[in-house]
K.L.:
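Take a look at this one; I'll ask things after.
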Amino acid sequence: MMDSVFTLFERPLARRWIGYWFGVSLFALVDLRDTMIGEFLRPAIGEPGDSGLWGRFACGLVVTALIWLDAIIVGLLPKRVRLPLVWGQLFVLFMAFFYSFDLSYSFIGKKVGFLITQGAFTTIYISLVSIAIACVIALVAALAKLSKNPIAYGISSFYISFFRGLPLLMQIYLIYIGLPQMGFVVDPVPAGIAALSLCYGAYMAEIFRAGIIGVAQGQYEAASALGLKHVVIMRKIVLPQAMKLIVPPTGNQFIAMLKDSSLVSVVGVWELTFLAKTQGRAEFKHLEMLITASLVYWAMSICFEMVQARIEAHYGKGDRR
């Protein structure tokens, strides 16, 4: 009996039908009767709110059929068309979801320029400066952890453990509030940059170390046999090869930093999240500003993802030869 059940799941047609009815059940549980689908099915199910289980099932049946039909159509299209089409469909659904909130679009249009020119600019500035400093810290920490010097190894391992073990928000508070107790007054923006640099430098130190280790040992041995110094070997041979291993996760860390930079708003930095909260609070339009800020963050992430892809392609050119 069990063998026949497993055989059924192995059949492509059976898997499709099982997936279809699973989708119907899922959308029936979500209850789409009060949406546009319910209104569309009014002639068949009557008053959507009073249609009960039959209305839920009908809505789930129609939505699942539309998704299945869309998947079939997309699968028949050329590959270069599929990605933008799927992105476009998902974006339309995404915007339709927000449209259901009855937002004040005139207020969004009035404030979006200010959020971009002031908030987004500050966010990008803080993130770019922080990632540059973090890369330097990460390289030094990675080389120190690979060093045979026990003091360098101890300092590096302690730094990595400490700053990876503390929440970023706590690090911001420790720098902004703690340093003045020692006589060092730090402005909000430098405090945020310092916290982001130290935190992400600790994470990226392990990325840099893994990239350096990923270069074949034979590269060191061949370069040493030619009489090259250790510094030259690292700069001319090891690091250029390690970059193709370092760049992808470093790009991911930068995009994560771009979003985590919103935490510096707690010390009064006028970045994107801070301005979205203050502008929304002024006229009780919190949701409008938060959604707008979310879309701006997403747009910035997409731009930097494209830059990351170009950098990865540059360092991966040798692999395609």
Side-chain angles (χ1 to χ4, degrees), residues 84 87-88 90-99 101 103-136 167-169 171-173 175-176 186-201 203-204 247-312:
W87 271 60
L90 292 176
F91 183 75
V92 169
L93 291 174
F94 185 73
M95 297 306 296
F97 172 70
F98 285 134
Y99 184 76
F101 292 162
L103 304 175
S104 175
Y105 295 101
S106 60
F107 180 78
I108 293 175
K110 185 171 63 175
K111 297 294 184 180
V112 66
F114 179 70
L115 289 182
I116 294 174
T117 56
Q118 298 295 322
F121 175 81
T122 304
T123 295
I124 294 173
Y125 164 73
I126 291 174
S127 299
L128 288 176
V129 175
S130 299
I131 197 67
I133 299 174
C135 285
V136 176
L168 176 58
L169 183 60
Q171 296 178 38
I172 295 172
Y173 279 131
I175 293 173
Y176 185 68
V186 185
D187 291 333
V189 172
I193 291 174
L196 288 168
S197 302
L198 290 169
C199 179
Y200 276 88
Y203 284 102
M204 290 165 53
V247 167
T250 299
N252 293 337
Q253 290 292 317
F254 175 72
I255 292 174
M257 179 189 288
L258 190 71
K259 294 174 290 185
D260 282 347
S261 64
S262 62
L263 293 175
V264 303
S265 63
V266 298
V267 293
V269 178
W270 284 34
E271 48 75 59
L272 184 56
T273 300
F274 180 86
L275 291 180
K277 291 190 297 184
T278 54
Q279 295 296 313
R281 188 186 307 124
E283 300 189 33
F284 301 100
K285 302 289 186 181
H286 301 280
L287 195 56
E288 280 85 349
M289 287 295 92
L290 291 177
I291 290 175
T292 304
S294 300
L295 293 176
V296 174
Y297 273 116
W298 185 26
M300 290 190 297
S301 298
I302 291 174
C303 293
F304 286 113
E305 285 171 7
M306 296 170 63
V307 174
Q308 178 186 346
R310 295 292 298 271
I311 297 174
E312 289 181 21

K.L.:
Please report the interatomic distance CG(Asn252) to CZ(Phe304), rounded to the nearest 0.5 Å.
P.N.:
14.0 Å
K.L.:
If you measure from CE on Met204 to CE on Met257, what distance do you get to the nearest 0.5 Å?
P.N.:
6.5 Å
K.L.:
Donor-acceptor pair, distance only, cut-off 3.5 Å: does the side chain of Thr123 make one with the backbone of Leu272?
P.N.:
yes
K.L.:
Looking only at heavy atoms, which two atoms of Val296 and Ala120 are closest? And how far apart?
P.N.:
CG1-CB, 4.0 Å
K.L.:
Specify the closest pair of heavy atoms between Gly192 and Val264, including all atoms of both residues, with the distance to one decimal.
P.N.:
CA-CG1, 3.6 Å
K.L.:
Is there a side-chain contact between Thr292 and Phe107 in this structure, where contact means two heavy atoms from C-beta onward sitting under 4.5 Å apart?
P.N.:
no
K.L.:
Under 3.5 Å, is there a donor-acceptor pair between the side chain of Gln253 and the main chain of Ala256?
P.N.:
no
K.L.:
Indicate the ring-plane relationship of Trp87 and Trp298, choosing parallel, tilted or perpendicular according to the 30° and 60° boundaries.
P.N.:
parallel
K.L.:
Search all heavy atoms of Glu288 against all heavy atoms of Ser104 and return the closest pair with its distance.
P.N.:
OE2-N, 2.9 Å
K.L.:
Assess the residue pair Ile175 and Val267 against the criterion (side-chain contact (heavy atoms from CB on, under 4.5 Å)); give the C-alpha distance rounded to whole Å, side-chain angles, the decisive distance to 0.1 Å, and a yes or no.
P.N.:
CA-CA 11 Å; Ile175 293 173; Val267 293; over 6 Å; no
K.L.:
Hey, what do you get for CZ (Phe274) to CD (Gln279), rounding to the nearest 0.5 Å?
P.N.:
9.5 Å
K.L.:
Taking only residues two or more places apart in sequence or in another chain, which ones pass ring-ring contact (aromatic ring centres under 6.0 Å, His included) with Tyr297?
P.N.:
none
K.L.:
For Gln171 and Cys199, which heavy atoms make the closest approach, and how far apart are they?
P.N.:
OE1-CB, 3.3 Å
K.L.:
If you apply the rule side-chain contact (heavy atoms from CB on, under 4.5 Å), what do you find for Lys110 with Lys285, and how did you get there?
P.N.:
CA-CA 12 Å; Lys110 185 171 63 175; Lys285 302 289 186 181; over 6 Å; no
K.L.:
Find out whether Gln118 and Thr122 are in side-chain contact, i.e. whether some heavy atom of one side chain is under 4.5 Å from a heavy atom of the other.
P.N.:
no
K.L.:
Looking only at non-hydrogen atoms, find the nearest pair between Ser130 and Ile126 and report the distance.
P.N.:
OG-O, 2.7 Å
K.L.:
Quick one: pull up CG in Leu196 and CD1 in Ile172 and give me the separation to the nearest 0.5 Å.
P.N.:
6.0 Å
K.L.:
Indicate yes or no: at least one non-hydrogen side-chain atom of Lys111 is less than 4.5 angstrom from one of Leu275.
P.N.:
no
K.L.:
Less than 4.5 Å apart, any side-chain heavy atom of Glu271 and any of Tyr125?
P.N.:
no
K.L.:
Should Tyr176 and Val266 count as side-chain neighbours, where that means a heavy-atom distance under 4.5 Å?
P.N.:
no
K.L.:
Apply side chain to side chain donor-acceptor pair (under 3.5 Å) to Gln308 and list each qualifying residue two or more places apart in sequence or on a separate chain.
P.N.:
Glu312
K.L.:
Please check if atom CZ in Phe284 has more than 12 non-hydrogen atoms from other residues, nucleotides or ligands closer than 6.0 Å.
P.N.:
no
K.L.:
For the atom pair CG (Leu128) and CD1 (Ile133), what is the distance rounded to the nearest 0.5 Å?
P.N.:
11.0 Å
K.L.:
Measuring from atom CZ of Arg281 to atom NE2 of His286, what distance do you get when rounded to the nearest 0.5 angstrom?
P.N.:
7.0 Å
K.L.:
If you compare all heavy atoms of Leu115 against all heavy atoms of Ala276, which two are closest, and at what distance to 0.1 Å?
P.N.:
CD2-N, 3.8 Å
